[in-house]
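Heads up, the thing below is written out as C-alpha cells.
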Amino acid sequence: QVQLVESGGGLVQAGGSLRLSCAASGRTFSSIAMGWFRQAPGKERDFVAAISGSGGRTAYADSVKGRFTISRDNARNTVYLQMSSLKPEDTAVYYCAARKIWALSYNADDYNYWGQGTQVTVSS
C-alpha cells in the first residue's frame, strides 16, 4: 500500500509559477514510477507528466512540454512538479499517482495509488 499526499496548489496569475509536491509512504519509493495527472471541471483526467523509479526517465504531455518539470527526491520520498509560464487552461485539480513498478506510464489505468488532489487555479 502507498499513501500519497499532495501540496503546493493555489491561485496564481497567468505567466506565474507553482511547485507541487507529493509525499509518498508505505513502499520502497525508488522502485515505483510516479505520475501527475489533472482534471478540469467537466473533463476527463489527463496525463501531465511521469517519472521512472530512478528518475532517469521522464515523460510529458505535449501541452506542458517546456513549461513543466517533474523530478523526484528518493531520499525524501517526494515527487515534484515545477510549473512555469502557467496559462488559464492549466486550471485543474492535480493528482499525484504511483505505480507498483519502476517503469513510467502515460496511462492513468496503469497507476495503482492516487492522492486526494490539489487545486491549481490560473487567472488571466
Side-chain angles (χ1 to χ4, degrees):
Q1 192 75 6
V2 175
Q3 292 79 43
L4 303 172
V5 179
E6 301 104 332
S7 60
L11 173 65
V12 64
Q13 288 189 332
S17 299
L18 279 176
R19 188 177 79 157
L20 305 183
S21 300
C22 174
S25 61
R27 198 175 182 98
T28 303
F29 187 67
S30 61
S31 68
I32 61 174
M34 302 293 295
W36 287 96
F37 292 77
R38 66 186 182 186
Q39 188 167 19
K43 295 188 177 182
E44 295 186 351
R45 190 170 297 190
D46 291 332
F47 170 77
V48 176
I51 188 166
S52 63
S54 67
R57 298 190 68 181
T58 58
Y60 297 91
D62 288 343
S63 59
V64 307
K65 275 181 185 175
R67 300 189 298 122
F68 290 11
T69 302
I70 189 171
S71 62
R72 66 191 297 159
D73 184 339
N74 286 347
R76 296 180 182 271
N77 283 14
T78 302
V79 64
Y80 304 97
L81 185 68
Q82 178 67 48
M83 306 185 293
S84 303
S85 301
L86 283 161
K87 305 174 182 180
E89 50 264 44
D90 293 318
T91 295
V93 177
Y94 283 70
Y95 296 91
C96 172
R99 300 194 71 189
K100 290 183 177 179
I101 62 173
W102 62 269
L104 63 83
S105 172
Y106 298 77
N107 189 344
D109 291 339
D110 290 336
Y111 289 79
N112 307 99
Y113 307 102
W114 293 83
Q116 80 287 355
T118 186
Q119 177 70 46
V120 171
T121 302
V122 184
S123 63
S124 56

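Listed for the N77 side chain is no donor-acceptor partner under 3.5 Å among the backbone atoms of F29. In terms of modelled atom types and a separation under 3.5 Å, the side chain of R67 and the main chain of S85 share a donor-acceptor contact. With hydrogens and angles ignored, the 3.5 Å screen pairs no side-chain donor or acceptor of N74 with any backbone N or O of T28. The main-chain N or O of C96 is found under 3.5 Å from a side-chain atom of E6 such that the two form a donor-acceptor pair.
By the 4.5 Å heavy-atom criterion applied to side chains, V2 and N112 are not counted as neighbours.
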Please set out all donor-acceptor pairs under 3.5 angstrom arising from side-chain atoms of residues 7-23, sequence neighbours excluded.
none

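Shown here are the side-chain contact (heavy atoms from CB on, under 4.5 Å) partners of S71, two or more places apart in sequence or in another chain: Y80. Every residue two or more places apart in sequence or in another chain that forms a side chain to side chain donor-acceptor pair (under 3.5 Å) with D73 is listed here: R76.
Within the structure, ring pair (Phe, Tyr, Trp, His ring centres under 6.0 Å) pairs that include any residue of residues 34-71 comprise F37-F47, F37-Y111, F37-W114, F47-Y106 (at least two apart or interchain). Listed by first and then second residue, the salt bridge (Lys or Arg N to Asp or Glu O under 4.0 Å) pairs involving residues 49-63 are D62-K65 (not counting sequence neighbours). Within the structure, salt bridge (Lys or Arg N to Asp or Glu O under 4.0 Å) pairs that include any residue of residues 38-49 comprise R38-D90 (at least two apart or interchain).
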Report the C-alpha separation of S105 and D110 in whole Å, then their side-chain angles, then the decisive distance to 0.1 Å, and conclude whether the side chain to side chain donor-acceptor pair (under 3.5 Å) test is met. CA-CA 7 Å; S105 172; D110 290 336; 2.6 Å; yes
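Linking Ile, Leu, Val, Met, Phe, Trp and Tyr whenever their side-chain heavy atoms come within less than 4.5 Å leaves W102 and I32 in two separate clusters.
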